[in-house]
Amino acid sequence: MIDSRVKFRHLQTFVEVARQKSVMKAAELLHVSQPAVTKTIRELEQVLGVGVFERDGRGIKITRYGEVFLRHAGAALTALRQGLDSVSQEQFSDAPPIRIGALPTVSSRIMPRAMELFLMEKTWSRVKIVTGENAVLLEQLHVGDLDLVVGRLAGAEKMAGFSFEHLYSEQVVFAVRASHPLLEGRQSPFAGFGDYTVLMPTRGSIIRPVVENFLIANGVSSLPNQIETVSDSFGRAFLRASDAIWIISYGVVAGDVADGRLALLPVDTGETKGPVGLTMRADAVPSLPQSILMQTIREAAGEATL
């Protein structure tokens with residue numbers, strides 16, 4: 001039968017002193033005073049009836065009795081921590097997942113880092129991330145199929161019943177393969193648009209009106225050869241195999257441009273800049289795990305836009 005006089009603090013203190021080979025260092029790591037550590041070790045030795053440490057010059061070393069006890073004390077602490085973690089995992093596994101709708105612009109640029117930070121918090125919460133057109137995601141948010149949408153601010157008529165938190169602003173770009181002919185600068189990129197296939201945002205996407213207005217303002221009233229898509233995987237693959245021009249939010253291709261796999265046409269698209277942020281139902285109260293995830297999204301957005 002386990003002696004009731006042995007407490008968790010005895011095991012924790014003993015293991016830490018054995019690991020550090022120093023009362024002073026163990027006290028610092030445990031955030032207690034050195035006399036408190038010494039007192040706890042003496043209490044343990046009284047229960048065991050043997051010494052677990054002995055002086056060694058100006059320091060201390062573990063005794064042979066201490067070595068024997070250390071194997072079991074360390075295993076006991078490990079088992080206890082695993083038990084606590086298992087209970088936490090079981091508790092959160094029964095809870096519904098945090099459901100995030102992410103527009104393509106944040107799926108590749110923001111969410112990977114946000115999830116990396118979130119997992120470090122060890123909430124053990126399940127997370128479901130879906131991508132799609134803004135109108136579809138907002139409808140899912142409206143009916144309760146999503147808890148949060150991360151992406152561009154929708155038009156005022158679509159924001160009724162929602163709240164929006166601005167994270168950063170982002171513009172549309174014209175991406176091409178790294179050796180695209182229009183990068184040679186012999187003519188205005190707009191002058192040769194009709195000679196290439198153009199990948200356009202779909203009509204339901206939030207940036208489609210922005211792109212159409214920008215093209216008209218620059219003398220491009222029609223595109224005879226265009227493909228509508230919100231698929232970033234298709235866009236990347238198609239650009240690698242062709243001379244197509246992909247009109248897309250910068251966040252979708254930021255990593256490809258940084259790696260040199262894609263390039264941007266020299267077009268000033270500053271006027272297409274728009275706010276990107278968090279959209280929620282106005283009456284929603286975030287759970288603790290959801291609040292933590294929102295904070296990691298903020299941090300990831302801050303890192304990406306430095």
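What you see is a predicted model, and the numbers here were worked out from it, not measured in a lab.
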- Query: Between Leu103 and Gly132, what is the shortest heavy-atom contact and its length?
  - Reply: CG-O, 4.2 Å

- Mind telling me whether Phe193 and Phe190 have parallel, tilted or perpendicular rings, with 30° and 60° as the class edges? tilted

- With a 4.5 Å heavy-atom cut-off, do Gln20 and Leu29 have their side chains touching? yes

- Message: Do Glu67 and Thr63 make a side-chain contact, defined as non-hydrogen atoms from C-beta onward lying under 4.5 Å apart?
- Response: no

- Query: Can you tell me if His180 uses its side chain to pair, donor with acceptor, with the backbone of Asp243 under 3.5 Å?
  - Reply: yes

- Would you say the side-chain atoms of Arg281 pair up with the backbone N or O of Leu146, donor to acceptor, closer than 3.5 Å? yes

- Message: Between Thr269 and Thr272 (side chain of the first, backbone of the second, donor and acceptor by atom type, cut-off under 3.5 Å), is there such a pair?
- Response: no

- Salt-bridge present (Arg42, Glu45; N to O < 4.0 Å): no

- Query: Looking only at atom types and distance, does a side-chain atom of Ser287 sit under 3.5 Å from a main-chain N or O of Gln290, one as donor and one as acceptor?
  - Reply: yes

- Would Leu215 end up clustered with Tyr196 when hydrophobic side chains under 4.5 Å apart are linked, directly or stepwise? yes

- Decide side chain to side chain donor-acceptor pair (under 3.5 Å) for Gln295 and Arg298; before the verdict, give the C-alpha distance in whole Å, the side-chain angles of both, and the deciding distance to 0.1 Å. CA-CA 5 Å; Gln295 181 57 34; Arg298 296 184 188 103; 3.1 Å; yes

- Parallel under 30°, tilted from 30 to 60°, perpendicular over 60°: which one fits the rings of Phe214 and Phe174? tilted

- Item | Audit row: Ser233, Ser231, side chain to side chain donor-acceptor pair (under 3.5 Å) steps and yes/no | CA-CA 5 Å; Ser233 57; Ser231 171; 3.1 Å; yes

- Message: Tell me whether Ser205 contacts the main-chain N or O of Thr202 through its side chain, where contact means a donor paired with an acceptor under 3.5 Å.
- Response: yes

- Message: Check Arg203 with Glu228, please: is the shortest side-chain N to carboxylate O separation under 4.0 Å?
- Response: yes

- Message: For a 4.5 angstrom cut-off between non-hydrogen side-chain atoms, does Asp147 reach Met280?
- Response: no

- Query: Are Gln12 and Glu16 close enough, and set up right, to give a side chain to side chain donor-acceptor pair (under 3.5 Å), and what steps lead you there?
  - Reply: CA-CA 6 Å; Gln12 185 182 37; Glu16 201 58 57; over 6 Å; no

- Between the main-chain N or O of Glu170 and the side-chain N or O of Arg152, is there a donor-acceptor pair closer than 3.5 Å? yes

- Task: Return yes if some donor-acceptor pair links the side-chain N/O of Ser242 with the main-chain N/O of Ala244 below 3.5 Å, else return no.
- Result: yes

- Item | Closest approach of Leu70 to Ala18 (non-hydrogen atoms, all atoms of both residues) | CD1-CB, 4.0 Å

- Query: Does some side-chain heavy atom of Ser22 sit less than 4.5 Å from a side-chain heavy atom of Ile60?
  - Reply: no

